[in-house]
Amino acid sequence: MLKLLTRTIICWAITGLGLALAEDTISIEAAWVRSAPPTVNVMAGYLRLINHSPNNVTVNRISSLQFERVEVHRSVIHEGMMHMEKVESLTLTGHQQLVFEPGGYHLMLIAPHQPLARGANVSLALEFDHGEKLMIETLVKDGPEEDSMGQHGSSHHQH
Amino acid sequence: MLNRFKIPLVALALLLAATASVVLLKQIEPTPLEFDSSMGIPVMSPPIPLPEVNLVDQHNQPFQTSTLKGSWNLLFFGFTNCPDVCPTTLNNLKQAAKQLSQQPIRYIFVSLDPNRDSPEKLKDYMNFFNPEFTALTGNKAEIDRLSEALGVIYDYEGDTSSDDYSVNHYAAILVVDPQARLRAHILPPHSASKIVTGISLIMDYYGN
């Protein structure tokens, strides 16, 4: 009986520890969507993705309520020539921070369901291979600077 | 009597001719302006004349290369389906234009994707950044003649028969002088301050 209880407690402890670790594995900061003419079919999203764990974490899927689909691309400028490369699989190594910024990694937000002007909200969902799902609210802005309210894109977790 | 002075007179004439040539050449093409290589603004000396091409602007009005004459021009080649580099650059040009409002500079966006970028589409696109900027499209062969002369290389990636392809392209801002000659490239990354510094120094140095 005692053996069973001990084993149960140990299992709970491990699960609890696992959940605790998963809780803060990934965070997202400074997310924003670049404002664009109302007729465009694609907009760019930028953010900072932080892996707080020592393990590799892979992004399985990114989606948005406001767009048909979301892809990750990287602008690479070599000798003045700009190439845009689609990033099929995005993995962050342990404790890696990945910055999405103009001229580099960016979210390609494809086919908006309706035009999104400056100040409009954009919801993004990021799903990771360890089961974590992050929901984030961003604003459409001209640039990365803080808006007058001093707010950044805020995120919350779902399991 | 003149015979005695024949050689000195010829020498003097040659000296005057040489001096006149140097002075004349200096007026036509001065010593090249050179920026520090870290700035990423290579200057062409002598400048490269552009071929005469026929394009159309966002108001469906004809545009010839000769229209570039009479003022300094900043050109950028891109496409409206570009989510990152083109809007970023146009935004920087918009900010630069505000700081350069006293200078008679023309800002021109040239589409490398005439298949999707119609004049109407360009009009909506440019209105978002600055309706006073010029946006050009037209026959691909004409665009190619201009882009080749300016060193703007590009290619299409993806299925061009669909609506879902991208354009890889040279992303420098081209500086064209009031004689419609390519004078400099402003290489990326090109912030508004880099654009303002670059074009101001070039205009001060080369004048009109």
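Computed from heavy atoms alone, side chains included, the values below leave out hydrogens, waters and symmetry copies. Chain A is the first sequence line, chain B the second, and so forth, proteins listed ahead of strands; every chain is numbered from 1.
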Within 45° of the ring axis of B:Tyr165 and under 6.0 Å from its six-membered ring centre, is that where the NZ or CZ of B:Arg116 lies?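 Flagged: B:Arg116 positioned over aromatic ring of B:Tyr165.
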A:Arg34 NZ/CZ over A:Tyr46 ring centroid, <6.0 Å and within 45° of normal: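 So A:Arg34 doesn't make the cation-pi contact.
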Using a cut-off of under 4.5 Å for heavy-atom pairs, which of [options] has the most such pairs with chain A?
options: B:Phe128, B:Tyr125, B:Phe129; answer: B:Phe128
options: B:Asp155, B:Val167, B:Asp124, B:Asp163; answer: B:Asp124
options: B:Pro188, B:Cys82, B:Ala172; answer: B:Pro188

Is a donor on one side and an acceptor on the other found under 3.5 Å between the side chain of [X] and the backbone of [Y]?
X: A:Gln66; Y: A:Ser123; answer: yes
X: B:Asn127; Y: B:Pro131; answer: no
X: A:Asn51; Y: A:Asn55; answer: yes
X: B:His169; Y: B:Phe77; answer: yes

Could you check whether B:Tyr154 and B:Tyr156 have their ring centres less than 6.0 Å apart?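 Yes, they do, as the ring centres are separated by less than 6.0 Å.
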Pick one of side chain, backbone, both or neither for A:Arg74, based on which atoms fall under 4.5 Å of a heavy atom in chain B.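 It is neither, since no heavy atom gets under 4.5 Å.
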Contacting moiety of B:Lys94, where chain A heavy atoms sit under 4.5 Å: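 Side chain of B:Lys94 only, per the 4.5 Å heavy-atom cut-off to chain A.
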Heavy-atom proximity to chain A below 4.5 Å, by part of B:Thr88: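 Contact with chain A is through both the backbone and side chain of B:Thr88.
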Do you know which of A:Ala36, A:Gly104, A:Ala44, A:Ser75 has the most heavy-atom pairs under 4.5 Å to chain B?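 If we count pairs closer than 4.5 Å to chain B, A:Ala36 comes out on top.
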Checking side-chain contact (heavy atoms from CB on, under 4.5 Å) against B:Ile195, which of B:Leu93, B:Val175, B:Ile105, B:Thr89 comes through?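 Running side-chain contact (heavy atoms from CB on, under 4.5 Å) over B:Leu93, B:Val175, B:Ile105, B:Thr89 with B:Ile195 returns exactly one hit, B:Leu93.
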Write out, in numerical order, the residues from residues 81-89 of chain A with a heavy atom short of 4.5 Å from a heavy atom in chain B.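 So far as heavy atoms go, A:Met81, A:Met82, A:His83, A:Met84 are the residues that approach chain B to under 4.5 Å.
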Might you point out which heavy atoms bring B:Pro30 and B:Tyr206 nearest each other, and give the distance in Å?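 Taking every non-hydrogen atom into account, CG-CE2, 3.8 Å.
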